[in-house]
Amino acid sequence: MNDHPAPTGAAPRRRPLRHVLARRARALTEARWFALSVFVLIIVNAALLGAETYSGLARDWHHWLRLAEHLCLAAFTVEIAVRACAHADRPRDFFRDPWNLFDLAVVACAFLPLVRENTTVLRLLRLARVLRTARFLPQLRIVIVAVARSLPGTVSFLLVGTLLLYVYAMVGWVFFGEANPGQYGSLGRAALTLFLLMTLDGLGDAVHAGLEVSRWSILYYASYVLIASFVLVNVLIGVVISSLEEARELEREHSPAPDAPSVPVPTPMPVPAQAQAPVPLPNPEVDLRTRIAVARRALDDLEAVLPPLLVTHPPEPPVLTPAPVSAPDTAHP
């Protein structure tokens, strides 16, 4: 046996280094000045990319523009490294965020040899950095998410629209191919003409040209405009609006409540070994008997405290006494 008594408390364990690093990096990334600095850096990168389109400016300031580009790339690399450090205690959460994956891909591709040697691909990659502004603008982020979520419905719309264009283009080639070969001389020209008519641009001229061929052409154009310009376009607008509402709901779920203060979760103190002994489970029969005895004792105390009840007797029925009967008067007047 150990003669020394067990300590009543143990010293708290030191937090791992990655937890400390994640806490400090998270405090840095959640700071307002950090987001504003990255946003300004993205705008500066876009301005440098636009300045390179002017040949004279790019020729005279080539060295300084390249230096500024390298500084921007270094700053973006530091930013994505800090964001990765903010998830050091939970690395999987970093890769679950699509914006983190997008930022990592944009920054990492700039270091690939094939990308750095290809000027066109490098400029397109630098152009993709401008899209990172959506990370710091909630409304723009909602619109981008809505467009992405509306892609399945948009693909269905494109399939229906392509089928509609093909059917009406074939009918237009059959009826107006010889009379108007410039617009309906082939399937491609007819489809291009009908695609432009979907915006109602030049519809009057097309209807007048069709009436010169046949009066039934008014049914052709009226049915096409009704289906393509009104039904399909309204369906597309409905798909985009529903996707926008879904994107707003997702943004509300992922964004923290502004009024809810962040309450730090206290770290539990280590419990001594003696306090960690298993607690015996109570016996159900003994527990029930104890409760019955306590209830009886409480009833006895209550009966002793209360005053004796007054016994009330029912009221006696009233005794009916007969009224005195007066003697009849025999005297006659």
Side-chain angles (χ1 to χ4, degrees), residues 10-49 65-116 121-145 148 247 250-270:
R13 298 180 180 179
R14 296 183 61 184
R15 303 183 66 181
L17 180 60
R18 59 190 182 95
H19 289 277
V20 177
L21 178 63
R23 180 171 56 84
R24 295 183 179 180
R26 194 177 301 117
L28 180 61
T29 55
E30 292 177 357
R32 184 175 180 82
W33 66 266
F34 182 83
L36 291 177
S37 301
V38 177
F39 181 77
V40 172
L41 190 62
I42 294 174
I43 299 300
V44 171
N45 177 79
L48 293 175
L49 185 61
L65 290 177
R66 296 296 296 175
L67 179 61
E69 165 60 21
H70 292 161
L71 291 177
C72 289
L73 180 59
F76 286 135
T77 305
V78 172
E79 181 227 349
I80 198 66
V82 172
R83 292 189 182 278
C85 292
H87 295 80
D89 55 343
R90 38 190 176 86
R92 294 183 179 179
D93 293 347
F94 177 80
F95 296 99
R96 290 176 181 174
D97 190 354
W99 290 107
N100 290 335
L101 297 179
F102 177 75
D103 296 344
L104 182 62
V106 170
V107 174
C109 289
F111 293 96
L112 298 179
L114 297 178
V115 176
R116 296 184 64 86
V121 177
L122 184 60
R123 287 180 177 177
L124 292 178
L125 186 63
R126 292 173 58 190
L127 183 62
R129 296 176 188 172
V130 182
L131 298 178
R132 298 186 58 205
T133 54
R135 187 187 187 107
F136 309 98
L137 300 176
Q139 297 299 327
L140 181 59
R141 185 168 59 247
I142 290 175
V143 173
I144 293 180
V145 173
L250 290 176
E251 184 69 20
R252 293 193 193 100
E253 293 177 0
H254 291 288
S255 60
D259 297 336
S262 58
V263 180
V265 180
T267 57
M269 296 297 295

Tell me, do [X] and [Y] make a side-chain contact under 4.5 Å, heavy atoms counted?
X      : Y      : answer
Glu79  : Leu41  : no
Asn100 : Phe95  : no
Arg26  : Asp89  : yes
Asp97  : Phe102 : no
Phe76  : Asp103 : no

For the residue pair [X] and [Y], what are the closest heavy atoms and their distance?
X     : Y     : value
Leu48 : Glu69 : CD1-N, 4.4 Å
Thr29 : Val82 : CG2-CG1, 3.6 Å
Ala25 : Ala86 : CB-N, 3.5 Å
Ala22 : Ala88 : CB-N, 4.0 Å
Thr77 : Leu73 : OG1-O, 2.7 Å

When you look at CZ of Arg24, are more than 12 heavy atoms from neighbouring residues, nucleotides or ligands closer to it than 6.0 Å? no
Measure the CG-CD1 distance between Asn45 and Ile42 for me, rounded to the nearest 0.5 Å. 8.0 Å
